[in-house]
Each structure stands twice: as C-alpha cells, then as structure tokens.
Protein chains: 2
Amino acid sequence: MSKESEVFRRYIERNNLKMTKQRELILETFLFSRGHVSAEELYQTLIEKDPAIGLATVYRTLSLLCDAGLAQQRHFGDGQTRYEHDFEQGHHDHLICVNCGKIQEFFHPHIETLLEQVVADHNFTIQNHRVELYGLCPDCQK
Amino acid sequence: MSKESEVFRRYIERNNLKMTKQRELILETFLFSRGHVSAEELYQTLIEKDPAIGLATVYRTLSLLCDAGLAQQRHFGDGQTRYEHDFEQGHHDHLICVNCGKIQEFFHPHIETLLEQVVADHNFTIQNHRVELYGLCPDCQK
DNA sequence: GTGGATGCAAACGATTTGCAAGCAT
DNA sequence: ATGCTTGCAAATCGTTTGCATCCAC
C-alpha cells in the first residue's frame, strides 16, 4: 500500500466519503502514469482495466485527489487541464516542447529566490507560481 | 493612424484579405483596452459602438491579430483566453491576484538571463516563456 | 438501510464552424 | 463580378451536473 493511498484513505475517512474500487483504480493508475496526464488520457488507460468506468468519475476523482493534496492542476497552452502527482518531490518548473509536447521538468533555486524577491517588491503574498518555457526539445530540432 | 493599424493593413494586403469596418473597430478597441482582455470582454465593449457586431467576428479578428503579430494569447488560471497587445513594449511577466484578478506586470532582467541558461542547459531552443506568480495583491490582504 | 458514488446523458461555457447574405476589391 | 467577411445558429471541445441506480459503510 503506497503512501499516497494511505493519505487518500485518511482524506476519505476524515470527510465521511467512501473508498470504492473505481477510486482505488484511478489513484493507482494516476500514480503509475509518469508526468502530466489529462483526464481524457487517464480515462483511455483506465477503460482498458475497467471498460465500464465513466469519464465523469475520472474528473470527480481527480478533483478529489486535488483536494486531498495528492494532485495538482496544470494548464499548458492547449485547452486541456493536466494533472501532476509528483509535485511533492519538490517544486519544479517546466520546459515544454511545442512540437512533440514533451515536458521536461527542471528546478533552479536561484530563480526561485529571485521570484520571491519580485513578489516582496510588489507587496504581494504569494500562493504559488509557474514558470514555463516553450520551445523545441533536442529531438525536434531538425 | 496608429503604427499597429499600419501593420495590420500590411498584413491584410499581403495575405489578400480585406479591411472592413468591423476589423478596424475591433483593432482600435483592442488597442485602447489596457491590459489583458478576453474575447467576451472585448465584445461587451464593442456592442456599445456597433450593436450588430458578432462574437464570432471578434474571435476571428483576434486570431488574425495574433497572426499579424499584434496580439498574443495568454492563459491564466480561469477558463478564458486573454489577449495582450502591449507585449511589444518589451517582454514582461505577471503577478496575478487570485482574489480580485488584478494583473501586475513586472520585468526582472536577471531572471530572464537565468531562464536562458536553463534552456541552454537542456539543449532546448526557446520560442517564448511565461512566468506567473499567483497570490494576493496588497489591497486584498485583509 | 442510508447516504455517498457511479454511469449515463444532458447541460454547460468558451470557442469554432457552416452557411446564406453582404460588401470590399 | 469575385470571393473574402459577416452575423447567426448550430456544432464542437473539455468539463460539470442531474438523476436513477448501485454499493460501501
């Protein structure tokens, strides 16, 4: 039983919700999928394991996972919402290939520090931030 | 006649398109609106000047302005696409208030330099980037 | 048994598209 | 006259919601 599964169970219990086999399957599949999945992509993977599962359930469960702190929404240029689960490994930013869609994560402590400074200079209190670089990945530069 | 209007006319001509009073009105209104407008917001302003104008035309013209290099799409958290026209004044990033929606622009040369370095380190060729900080603006911190 | 969870289909909001009519060239 | 552009309505896409049924507690 994974740590995330434990966290989710506690969240479920604390809020008087119920653990179902769909929720278990969705969490498991979500955790297994590396990177940044959209609801639709996750759904496509899920129907192979449970053809009866509904897209609405995927959306509802992803929303639950966000509330539980196990997932985080991300919006990159295309119209879709993507969900990330490995953000706990520590904050990171993204390099996105505009050709193949590959997403490369990176972390640069100095940039983070400077961003904090910008926020302070403008008297904002920060909640979160995003830094996204769009371009061509090494493979797509031809 | 503004510089942008000139650029637009050239673009129209070069692509064998036609200049219409709707396109003129939309460009003019778009340029006048400071900041980051959504198609719907622009449309609301426009129907006061020309009640017959269609929302589809607004979308089509904004798309044209993007192609002509006079506008740029931006996606902030909410579901709407926003259009920016003053990005030519030089690149800048955004501080967004999650409470009142105010958008404060800023520019920090050192951050830009570091981002270029990150891109180089990963062998990407950059096209553009965005840095967005979400939090509470001074007014909303109560 | 009861209330939350499901799958489906319908509803939704933002954006796009097909079409007949209008207007710039 | 030609064909790009318009406004309208219908279509589309991603996401949410209503509802009857189902299932975890």
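Chain letters run A, B, ... following the sequence lines, proteins first and then strands; every chain starts at 1. Hydrogens, waters and symmetry mates are skipped; everything else that's a heavy atom, side chains included, is used. As the structure is a computational prediction, the values presented were derived from the model and not from experiment.
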Legend entry - Any A:Thr20 side-chain N or O less than 4.0 Å from OP1/OP2 of C:dT6: yes

Inset, instruction - Write down the distance between CG (B:Leu46) and P (D:dG7), rounded to a whole number of angstrom. - result: 10 Å

Inset, instruction - Residues of residues 56-67 of chain B with any non-hydrogen atom less than 4.0 angstrom from an atom of DNA chain D: list those, numerically ordered, please. - result: B:Ala56, B:Thr57, B:Arg60

Legend entry - Where B:His85 and B:Leu31 come nearest, the two heavy atoms and their spacing: NE2-O, 3.1 Å

Legend entry - B:Glu41 CD - C:dA14 C1' separation (whole Å): 13 Å

Inset, instruction - Determine the contact category for B:Gln22: base if any of its heavy atoms lies under 4.0 Å from a base atom, sugar-phosphate if only primed atoms, P, OP1 or OP2 are that close, otherwise nothing. - result: sugar-phosphate

Inset, instruction - Map B:Ile12 and B:Glu40 onto DNA chain C by nearest heavy atom, then report which one ends up closer to the 5' terminus. - result: B:Glu40

Legend entry - Euclidean distance, atom NE2 of residue B:His75 to atom P of D:dT15 [Å, nearest integer]: 13 Å

Legend entry - Expected output: side-chain A:Glu4 to main-chain A:Leu27 donor-acceptor under 3.5 Å: no

Legend entry - Rounded distance (Å) that lies between atom P of D:dA24 and atom NZ of A:Lys18: 9 Å

Legend entry - Interatomic distance where OH belongs to A:Tyr43 and C1' belongs to D:dT15 [whole Å]: 14 Å

Inset, instruction - Decide yes or no for B:Leu115 and A:His108: does some side-chain heavy atom of the first lie under 4.5 Å from some side-chain heavy atom of the second? - result: no

Inset, instruction - Please say whether more than 12 non-hydrogen atoms of neighbouring residues, nucleotides or ligands are located less than 6.0 Å from CD in B:Gln44. - result: yes

Legend entry - Pairwise side-chain contact, A:Leu133 with A:Phe106, heavy-atom cut-off 4.5 Å (strictly under): yes

Inset, instruction - Tell me, yes or no, whether the heavy-atom count around A:Glu13 atom CD, taken from other residues, nucleotides or ligands under 6.0 Å, exceeds 12. - result: no

Inset, instruction - Please tell me which of the listed nucleotides, D:dA24, C:dT15, D:dT6, lies nearest to the side chain of B:Arg23? - result: D:dT6

Legend entry - Validation row: A:Ile53, A:Ile26 side chains within 4.5 angstrom (heavy atoms): yes

Legend entry - Closest-nucleotide 5' rank along DNA chain C - winner of A:Gly54 and B:Ala39: A:Gly54

Legend entry - Length of the line joining A:Leu55:CG and D:dT15:P, which is rounded to integer Å: 9 Å

Inset, instruction - To the nearest Å, give me how far apart CG (A:Leu17) and C1' (D:dC25) are. - result: 12 Å

Inset, instruction - Using atom OH of A:Tyr11 as one end and atom P of C:dG4 as the other, report the distance to the nearest whole Å. - result: 14 Å

Inset, instruction - Under 4.0 Å between any heavy atoms, over every strand shown, what does B:Thr81 touch: base, sugar-phosphate, or nothing? Just pick one. - result: sugar-phosphate

